[in-house]
J.: 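Mind having a look at this structure? Questions to follow.
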Amino acid sequence: MNSFKAPRGTRDILPEEVGIWQHIEEVAGKVFASYRYQEIRTPIFEVTELFARGIGETSDIVNKEMYTFADRKGRNLTLRPENTASVVRAVIEHGMLTKLPLRLYYAGPMFRYERPQAGRSRQFHQLGTEAIGSFAPGLDAEVITMVVHLLQDIGLSGLEVQINSVGCPECRGQYRQSLVDYFGQFKEDLCNDCQVRLERNPLRILDCKTAVCSGLKENAPPISDSLCQDCSSHLGEVTRHLKLFGIDYTRNPKLVRGLDYYTRTAFEVVDYGLGAQNAVAAGGRYDNLIEEMGGRPTPAIGFAAGCERLVLCLKERRSPATTTSVPDLLLAAVGLSSEEYPVKFLQELRRAGLSVLFDWEKRGLKAQLKLANRIGVKQALILGQDELDRQVATLKDMETGKQEEIDLVEIINKLTG
RNA sequence: GUGAGCGUAGCUCAGUUGGUUAGAGCGCUGGACUGUGGCUCCGGAGGUCGCGGGUUCGAAUCCCGUCGUUCACCCCA
């Protein structure tokens, strides 16, 4: 048992499944284009410091989930755990902030060193967008609308959109304090993790799923009470626009984001049929990130969807958009003294755009038909010596079993016409 | 990083209180049918029972370790 396996947390996407992935990517490309987003492709790895600064030094992602390595000259590099930091870096690096507004989308693999479980792997795929250069709340609603649009077109429905505001640095500080005040009263009752969170990141207590903490957070002050005037009216405008767009949503005052760069609007799309990792797509505003990364102050909003989770959803609803490609034709050469005709026809048929199956093993007709039948080829063109002697070939319909003889000179026209 | 469940053929799984040569279905392959697929019948290949150690006369089965996997915690898309 010395054979190789894909590394832990990675997996192969086999041909039977790849159709679903292509479907998702194709739909995403169309939907993004209709909202005028353009694709950007950034490197799979970046200087480690980029993520440390972009995502946040204190986040779990940066602290314990990154694939970080030194290259042969000792540069400290990291496989991207998400793509927003890279996109922001590219935008600043190429002076694109002078050409606002920008609308960019990406799709590709991300890497996080986590314990694998349903909907979570070490190499996973995200597709997402970044809209850079506007504070307008209508844009937030448009982004959420686009996400719903995308998920619908992919073939998903019955998902729930949750929305909240995580405020700006000022009012979030206040909210943090009011949470500390509130949970501080019950410090002894909180679970061990949350006692630590009370010091380090009290907002995360709202995410806790233990029975005690869930009970306590029922009466925790909602962030809406702490939002400043601007953040509060921003959220109101976002929801007003969502109604204009006709998007159903749920206000979830306890929704918080894991990455430090988020401000104001935060949203998530969840599928309750999915297990513990049920967020299919999520995103929000990050109005301060670009400045923090060294660009001129510029607001932005984006989202990302987890492709593996989308695939799980689609399978869950057993609506597999699997389009396994089937060859149009089997070209079966049988007992020929020369390969002149089969090779000639192979080339002509393929040049004419047909997908043609050909058996170089020169097995018997039976074996060839069996193979063609198994993979669902619709027609077989049988070239045998006695046919060639009469300048004809036999065309067999694999579904009906009917056969007819065709003149060799007619074949290409007949099959491609 | 923590916890629990599971590792037997390519796949899905049987395998009795530990007992001698480890099985089935599907799939693959050959034949019946010398140049005609699907259906049927008959045959064949394919396993160091995840790996390592221990207990035992004897281990797929019991024990320990390890790796893998699944789910959950954590975190997050």
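Just so it is clear, the model here is predicted, and its values are computed rather than measured.
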J.: Indicate whether the side chain of A:H125 and that of A:E308 have a donor and an acceptor atom separated by less than 3.5 Å.
T.: yes
J.: Rounded off to whole Å, could you give me the NZ-to-P distance for the A:K5 and B:G10 pair?
T.: 13 Å
J.: Which value, rounded to the nearest 0.5 Å, describes the distance between A:I154 atom CD1 and A:H149 atom NE2?
T.: 10.5 Å
J.: Taking atom types as they are modelled, is there a donor-acceptor pair under 3.5 Å from the base of B:U36 to the side chain of A:K396?
T.: yes
J.: Please report, rounded to the nearest Å, how far the P atom of B:G38 is from the CD atom of A:Q368.
T.: 15 Å
J.: Can you check the distance between B:U12 and B:C74, where both ends of the measurement are the C1' atom (answer in whole Å)?
T.: 33 Å
J.: Have a look at A:G119 and say if it touches a base, only the backbone sugar-phosphate, or nothing, with a 4.0 Å heavy-atom cut-off.
T.: base
J.: Among A:V334, A:T394, A:L331, whose side-chain contact (heavy atoms from CB on, under 4.5 Å) with A:L383 holds?
T.: A:L331
J.: Nearest-Å distance, CG (A:L312) to C1' (B:A77)?
T.: 12 Å
J.: Give me the distance, rounded to whole Å, that separates B:U70 from B:A32 when you measure between the C1' atoms they each carry.
T.: 46 Å
J.: Searching all strands shown, indicate the nucleotide that pairs with B:G43 (Watson-Crick or G-U wobble; both distances under 3.5 Å).
T.: B:U29
J.: From the set B:U36, B:C75, B:C28, return the single nucleotide nearest to any side-chain atom of A:R374.
T.: B:C28
J.: Check if the side chain of A:Q403 and the base of B:U36 share a donor-acceptor pair of N or O atoms closer than 3.5 Å.
T.: yes
J.: Between the side chains of A:E26 and A:K30, is the shortest nitrogen-to-carboxylate-oxygen separation below 4.0 Å, so that they form an ion pair?
T.: yes
J.: When the C1' atoms of B:A59 and B:G52 are considered, how many whole Å apart are they?
T.: 15 Å
J.: Please report the distance separating the P of B:G23 from the corresponding atom of B:C64, rounded so that it comes out in whole Å.
T.: 30 Å
J.: Using the P atom in both, what is the distance from B:U17 to B:U61, to the nearest Å?
T.: 15 Å
J.: Going by atom types only, do A:W21 and A:E17 share a side-chain donor-acceptor pair under 3.5 Å?
T.: yes
J.: Among B:G38, B:C75, B:A32, find the nucleotide with the atom closest to the side chain of A:K366.
T.: B:A32
J.: Please classify the nucleic acid contact of A:A372 as base, sugar-phosphate, or nothing, using heavy-atom distances under 4.0 Å.
T.: nothing
J.: Across the strands shown, which category fits A:F124 at heavy-atom distances under 4.0 angstrom: base, sugar-phosphate, nothing?
T.: base
J.: Whom does B:A22 pair with, Watson-Crick or G-U wobble, provided both distances fall under 3.5 Å?
T.: none
J.: Need the pair for B:G7. Rule: Watson-Crick or G-U wobble, both distances under 3.5 Å, any strand; none if unpaired.
T.: B:C67
J.: Can you check the A:F51 CZ to B:C76 C1' distance for me, whole Å?
T.: 16 Å
J.: Considering only the P atoms, how many Å lie between B:G7 and B:C51, rounded to the nearest integer?
T.: 14 Å
J.: Determine the contact category for A:G128: base if any of its heavy atoms lies under 4.0 Å from a base atom, sugar-phosphate if only primed atoms, P, OP1 or OP2 are that close, otherwise nothing.
T.: nothing
J.: Within this structure, what is the NZ-to-C1' distance between A:K378 and B:G37, rounded to whole angstrom?
T.: 16 Å
J.: Taking donor-acceptor contacts at under 3.5 Å, does the side chain of A:R8 reach the base of B:C67?
T.: no
J.: Considering every strand shown, what is the Watson-Crick or G-U wobble mate of B:A72 when both distances are under 3.5 Å?
T.: B:U2
J.: Return the nearest nucleotide to the side chain of A:N373; candidates are B:A77, B:G37, B:C75.
T.: B:G37
J.: Just by distance, no angles: are the side chains of A:Y35 and A:E142 close enough, under 3.5 Å, to form a donor-acceptor pair?
T.: no
J.: If you find the nucleotide of RNA chain B closest to A:G283 and the one closest to A:L274, which residue's nucleotide is nearer the 5' end?
T.: A:L274
J.: Expressed in whole Å, how much space separates the C1' atoms belonging to B:C71 and B:U29?
T.: 39 Å
J.: Using a 4.0 Å heavy-atom cut-off across all strands, classify A:I382 as base, sugar-phosphate, or nothing.
T.: base
J.: Expressed as a whole number of Å, how far does the C1' atom of B:A72 sit from that of B:A60?
T.: 29 Å
J.: May I have the step-by-step check of side chain to side chain contact (heavy atoms under 4.5 Å, CB included) for A:T129 and A:F32, ending in yes or no?
T.: CA-CA 8 Å; A:T129 64; A:F32 292 157; 3.5 Å; yes
J.: Quick one: the side chain of A:Q117 and the base of B:C74, do they pair up donor-acceptor inside 3.5 Å?
T.: yes
J.: Consider the side chain of A:R363, meaning its heavy atoms from C-beta on, and name the nucleotide among B:U29, B:C76, B:C71 that approaches it most closely.
T.: B:U29
J.: What is the separation between atom CD on A:E268 and atom P on B:C75, rounded to the nearest whole Å?
T.: 13 Å
J.: Can you tell me the distance, in whole Å, between the CD atom of A:E82 and the C1' atom of B:C76?
T.: 11 Å
J.: Would you mind reading off the distance between A:R115 atom CZ and B:C67 atom C1', rounded to a whole angstrom?
T.: 12 Å
J.: Are A:R89 and A:E46 ion-paired here, with the side-chain N under 4.0 Å from a carboxylate O?
T.: yes
J.: Of the listed nucleotides (B:G37, B:C73, B:C76), which one gets closest to any side-chain atom of A:M398?
T.: B:G37
J.: Would you mind pulling out the nucleotide paired to B:A14, Watson-Crick or G-U wobble, both distances under 3.5 Å?
T.: none
